[in-house]
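As C-alpha cells, the structure follows; a few thoughts come after it.
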Amino acid sequence: MDEETFERVRAVVASIPPGRVLSYGDVAELAGLRSPRLVGRIMSEDTADLPWHRVLRSNGTAAEHLRHRQLELLRAEGVLAQDGRVSMRRYRWST
DNA sequence: CGAGTGACGCTCG
DNA sequence: CCGAGCGCCACTC
C-alpha cells in the first residue's frame with residue numbers, strides 16, 4: 001500500500017458534499033484505482049475525520065456492521081433511506 | 001506459490 | 001428478492 005493511494009482515496013471521500021453519496025466503485029474510479037475492494041480496505045483501516053457514511057454500495061445498501069450508524073448519519077444530512085436502503089439515483093454525487 | 005478473505009461490483013438465472 | 005459466478009487488489013497464513 002503506498003501512501004499516495006491512501007491519501008487519494010481520503011481526498012475523494014472528503015470532497016463528497018453533505019447530502020450526497022458515492023458508491024465504492026465511484027470512489028475507486030475518482031481516486032484512479034482499478035478496484036473497489038481497495039477502497040473498502042482503506043476505509044476499514046482509518047475513517048477518522050472522513051465522511052465515510054457517504055460511501056455505500058452501488059445498490060444503496062451498506063455493510064452490516066455499519067448499516068445502522070451509517071443510515072443514521074445520512075439521515076442527519078437529509079439523505080433518507082427506505083427499508084434500509086438509500087436511493088442512489090437521487091443522492092448519488094455526480095459532477 | 002496457492003488458498004482464503006474483505007466496508008465491493010456486475011451479470012445472469 | 002436471492003444466490004451463484006467471476007473479476008478485482010492487498011494481505012495473511
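Lettering follows sequence order; numbering is per chain, from 1. Values in this document were obtained by computation on a predicted structure and should not be read as measured data.
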**OP:** Write down the distance between CD (A:Glu29) and C1' (C:dC9), rounded to a whole number of angstrom.
**Re:** 16 Å

**OP:** Determine which nucleotide pairs with B:dG9, using a 3.5 Å limit on both distances of a Watson-Crick or G-U wobble pair.
**Re:** C:dC6

Subject >> Nearest-angstrom distance from the residue atom CG of A:Asn59 to C1' of B:dA7 >> reply: 13 Å

Original post:
Counting heavy atoms not belonging to A:Glu29, are there more than 12 under 6.0 Å from its CD?
Top reply: no

**OP:** Could you check how far CD of A:Glu45 sits from C1' of B:dA7, rounded to whole Å?
**Re:** 12 Å

Original post:
Counting side-chain heavy atoms from C-beta on, which of C:dC9, B:dA7, B:dG9 comes nearest to A:Thr47?
Top reply: B:dA7

Subject >> Whole-Å distance separating the CD1 atom of A:Ile42 from the C1' atom of C:dC8 >> reply: 14 Å

Original post:
Rounded to the Å, how far apart are A:Glu4 CD and C:dC9 C1'?
Top reply: 17 Å

Original post:
Looking at the side chain of A:Arg57, which of B:dG9, C:dC9, B:dA7 is the nearest nucleotide?
Top reply: B:dG9

**OP:** Could you tell me the separation between the CG atom of A:Leu33 and the P atom of B:dA7, rounded to a whole number of Å?
**Re:** 18 Å

Subject >> Sugar-phosphate only, base, or nothing, as touched by A:Ser58 at under 4.0 Å among non-hydrogen atoms >> reply: sugar-phosphate

Original post:
B:dA7 phosphate, OP1 or OP2: any side-chain N/O from A:Arg41 under 4.0 angstrom?
Top reply: no

Original post:
Under the 3.5 angstrom rule, does the side chain of A:Arg54 hit a backbone N or O of A:Ile16 as a donor-acceptor pair?
Top reply: yes

Original post:
Between A:Phe6 (CZ) and C:dC9 (C1'), how many Å, whole number?
Top reply: 16 Å

Original post:
Under a 4.5 Å cut-off applied to non-hydrogen side-chain atoms, are A:Leu22 and A:Leu30 in contact?
Top reply: yes

**OP:** Indicate yes or no: does A:Arg92 engage A:Asp26 in a salt bridge with an N to O separation below 4.0 Å.
**Re:** yes

**OP:** Provide the distance between the two C1' atoms, one in C:dT12 and one in B:dC1, to the nearest whole Å.
**Re:** 14 Å

Original post:
Do A:His53 and A:Glu77 meet the criterion of a side-chain donor-acceptor pair at a distance under 3.5 Å?
Top reply: yes

Original post:
Which part of the nucleic acid, if any, lies within reach of A:Arg85 when heavy atoms closer than 4.0 Å are counted: base, sugar-phosphate only, or nothing?
Top reply: sugar-phosphate

**OP:** Write down the distance between CG (A:Leu38) and P (C:dC9), rounded to a whole number of angstrom.
**Re:** 9 Å

Original post:
With rounding to whole Å, what would you report as the distance between C:dC8 and B:dT5 at their C1' atoms?
Top reply: 13 Å

